[in-house]
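Contents: one structure, followed by commentary.
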Amino acid sequence: QVQLVESGGGSVQPGGSLRLSCAASGGTFSRYAVGWFRQAPGKEREFVAVIMWSGGEYYADSVKGRFTISRDNAKNTVYLQMNSLKPEDTAVYYCAVPRTALTTFIYYNGNFSPNEDDYWGQGTQVTVSS
C-alpha cells in the first residue's frame, strides 16, 4: 500500500511561484509513475503533469512552459514547481500513483486520466489571486 502526502500549497499573487511536494511511503517509489492532477470548484478533475519511473515528463498544454515536475527517489518525493501562476491555476492539487509499479495513467490525445484504483494523496490548496 502506497501512502501519499502533498504539501506546499498556499496563496500567491498572479505571476508568483509555488513548489508542491508529494511524499510517498509504502512502496518502491522509483518504480512508480507519479502524476499531479487538480480540481477547481465546480469543475472536473484535470491532468497537470506526470513523471515516469524512467524520468520522462509530460504536461498538460495549460501548464507547459510554466510548471516543472521532478522526482528525488532518494527522498521518495515528487515536486511540482509552478511558476508564472495565473488565477485559473487555482485548485486543489492532488498527486496520484498507479496501483501497479511500472504502469502509468490512461493516455489519450495528449492527456492522462487516472485509473480506477490509483493511490491518492489528500490534496493541497493552491489559490492565485490579487
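Quantities reported herein were computed from a predicted structural model and do not represent experimental measurements.
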Determine, step by step, whether F67 and D89 satisfy the side chain to side chain contact (heavy atoms under 4.5 Å, CB included) criterion, reporting the C-alpha distance in whole Å, the side-chain angles of both residues, the deciding distance to 0.1 Å, and the verdict.
CA-CA 11 Å; F67 291 10; D89 294 318; 3.9 Å; yes
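- Hydrophobic side-chain contacts under 4.5 Å tie I106 to no other Ile, Leu, Val, Met, Phe, Trp or Tyr residue.
- Between atom OG1 of residue T100 and atom CZ of residue R31 there is a gap of 10.5 Å, rounded to the nearest 0.5 Å.
- For S84, the side-chain contact (heavy atoms from CB on, under 4.5 Å) partners are R66, not counting sequence neighbours.
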Side-chain donor-acceptor distances from residues 5-14 under 3.5 Å, at least two apart:
residue: E6; atom: OE1; partner: Q122; partner atom: N; Å: 2.9
residue: E6; atom: OE1; partner: G123; partner atom: N; Å: 2.8
residue: E6; atom: OE2; partner: C95; partner atom: N; Å: 2.8
residue: E6; atom: OE2; partner: G123; partner atom: N; Å: 3.3

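- Every salt bridge (charged side-chain N to carboxylate O under 4.0 Å, His left out) that E46 has, sequence neighbours left out, goes to R38.
- Put simply, V50 and Y94 are part of the same group of oily side chains (I, L, V, M, F, W, Y) that touch within less than 4.5 Å, one to the next.
- Sequence neighbours left out, not one pair with a member in residues 98-130 passes disulfide bond (SG atoms under 2.5 Å apart).
- Residues C22 and V34 come closest through the heavy atom pair SG-CG1, 4.4 Å.
- Two rings, from W120 and F37, have their centers less than 6.0 Å apart.
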Run the numbers on Y59 and T68 for side chain to side chain contact (heavy atoms under 4.5 Å, CB included), then give the verdict.
CA-CA 8 Å; Y59 298 92; T68 302; 3.8 Å; yes
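- Judged as a side-chain contact (heavy atoms from CB on, under 4.5 Å), and not counting sequence neighbours, the contacts of S30 are T28, N73.
- Residues Y58 and Y107 place their aromatic rings such that the two centres sit no closer than 6.0 Å.
- Considering only residues two or more places apart in sequence or on other chains, Y79 meets the side-chain hydrogen bond (donor to acceptor under 3.5 Å, both in side chains) condition with none of them.
- A search for side-chain hydrogen bond (donor to acceptor under 3.5 Å, both in side chains) contacts involving N83 returns S17, Q81, not counting sequence neighbours.
- Here CE of M82 is found 8.0 Å from CH2 of W36. Values are rounded to the nearest 0.5 Å.
- Linking ILVMFWY side-chain heavy atoms closer than 4.5 Å, directly or via other members, places V78 and L18 in a single hydrophobic cluster.
- With hydrogens and angles ignored, the 3.5 Å screen pairs a side-chain donor or acceptor of R71 with a backbone N or O of F29.
- Shown here are the salt bridge (charged side-chain N to carboxylate O under 4.0 Å, His left out) partners of K64, two or more places apart in sequence or in another chain: D61.
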Show me the donor-acceptor pairs within less than 3.5 Å that the side chains of residues 109-118 make with the rest of the protein, sequence neighbours left out.
residue: N115; atom: ND2; partner: T104; partner atom: O; Å: 3.2
residue: N115; atom: ND2; partner: D118; partner atom: OD1; Å: 2.9
residue: D118; atom: OD2; partner: N115; partner atom: N; Å: 2.7

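- Here the straight-line distance linking atom CG of L80 with atom OG of S21 works out to 9.5 Å at 0.5 Å rounding.
- Taken together through direct or relayed side-chain contacts under 4.5 Å among Ile, Leu, Val, Met, Phe, Trp and Tyr, L85 and F47 form parts of separate hydrophobic clusters.
- Residues meeting the side-chain hydrogen bond (donor to acceptor under 3.5 Å, both in side chains) test with R19, sequence neighbours left out: none.
- In this structure, the side chain of T90 does not engage the main chain of E88 through any donor-acceptor pair within 3.5 Å.
- Taking R45 as the reference, nothing meets the side-chain hydrogen bond (donor to acceptor under 3.5 Å, both in side chains) condition, with sequence neighbours excluded.
- The hydrophobic clustering, which links ILVMFWY residues whose side-chain heavy atoms are closer than 4.5 Å, places F105 and V48 apart.
- Here the side chain of Y93 pairs no donor or acceptor atom with the backbone of Q39 at under 3.5 angstrom.
- What you find for L4 and A96 is that their closest heavy atoms are CD1-CA, 3.9 Å.
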